[in-house]
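Worksheet: one structure, shown below.
Position 1 is the first residue of the sequence, and the numbers go up from there.
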Amino acid sequence: MQNSFLGKRIKACGYALKGAYILIKTEPPIQVQIVISIIMVALGFYFDITTAEWIFQTFAMGMVLSLEAANTAIEEIADFIHPDFHHKIGLIKDMAAGAVFFAAITAVVVGLIIYIPYLF
């Protein structure tokens, strides 16, 4: 069964769960985003947001967490390839961080669109 299609998918899920666990346990930016996500979920229940709002909020949270994880992976690869400072490595790492920034700004806008009507 280990070499079957299903066995390989189960094994791949194990690797993904291991990676998620490592990220949550060791990476402060992921930890911060997890806390923010928990707060947003609590607010969603508190304000009883609509199904569509839940979809947008969940997508935004997933987008930020996913890009934060990808950014961390890019930084780890870059540091492994070239541990000393290098202008190009710095540029690559800055661009990856920029992707997270775009996602975070988008998530903030989504949050404002959802919650401002409930607050005022």
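Cluster membership check: Ile36 does not share its hydrophobic cluster with Leu67, using side-chain heavy-atom separations under 4.5 Å among Ile, Leu, Val, Met, Phe, Trp and Tyr. By the rule that hydrophobic residues join a cluster once side-chain heavy atoms approach within less than 4.5 Å of another member, Tyr46 and Ile113 end up as members of separate clusters. Leu119 and Val108 fall within a single hydrophobic cluster, where Ile, Leu, Val, Met, Phe, Trp and Tyr side chains are chained together by heavy-atom contacts under 4.5 Å. Each of Phe59 and Phe45 belongs to its own hydrophobic cluster when Ile, Leu, Val, Met, Phe, Trp and Tyr are linked at side-chain heavy-atom distances under 4.5 angstrom. Cluster membership for Val35 and Val110, using ILVMFWY side-chain heavy atoms within less than 4.5 angstrom, is shared.
With rounding to the nearest 0.5 Å, the separation of CD1 in Ile89 from NZ in Lys93 is 8.0 Å. To the nearest 0.5 Å, atom CZ of residue Phe101 and atom CD1 of residue Ile105 are 4.0 Å apart. Separation of atoms CG (Asn71) and CD (Glu76) is listed at 10.5 Å; rounding is to 0.5 Å. The distance from the CD1 atom of Ile39 to the CE atom of Met61 is 11.5 Å, given to the nearest 0.5 Å. Considering CZ of Phe56 and OG1 of Thr50, their distance stands at 9.0 Å, rounded to 0.5 Å. In this structure, Leu65 CG and Met63 CE are separated by 10.5 Å, a value rounded to the nearest 0.5 Å.
Few gaps surround OH on Tyr115; more than 12 heavy atoms of other groups in view lie less than 6.0 Å from it.
For Tyr118, the ring pair (Phe, Tyr, Trp, His ring centres under 6.0 Å) partners at least two apart in sequence or on another chain are Phe47.
Closest heavy-atom contact between Gly7 and Ser4: N-OG, 3.0 Å. Scanning all heavy atoms of the two residues, the minimum distance from His86 to Lys88 falls at ND1-N, 3.1 Å. Of all heavy-atom pairs between Trp54 and Ile49, the closest is NE1-CG1, 3.3 Å.
Side chains of Ile74 and Met95 form no contact here, defined as non-hydrogen atoms less than 4.5 Å apart. Counting heavy atoms from C-beta on, the side chains of Leu43 and Gln57 never come closer than 4.5 Å.
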N/O donor to acceptor pairs below 3.5 angstrom from side-chain atoms of residues 15-34, sequence neighbours left out:
from  : atom 1 : to    : atom 2 : distance (Å)
Thr26 : OG1    : Ile22 : O      : 2.6
Gln31 : NE2    : Ile24 : O      : 2.9
Gln31 : NE2    : Lys25 : O      : 3.1

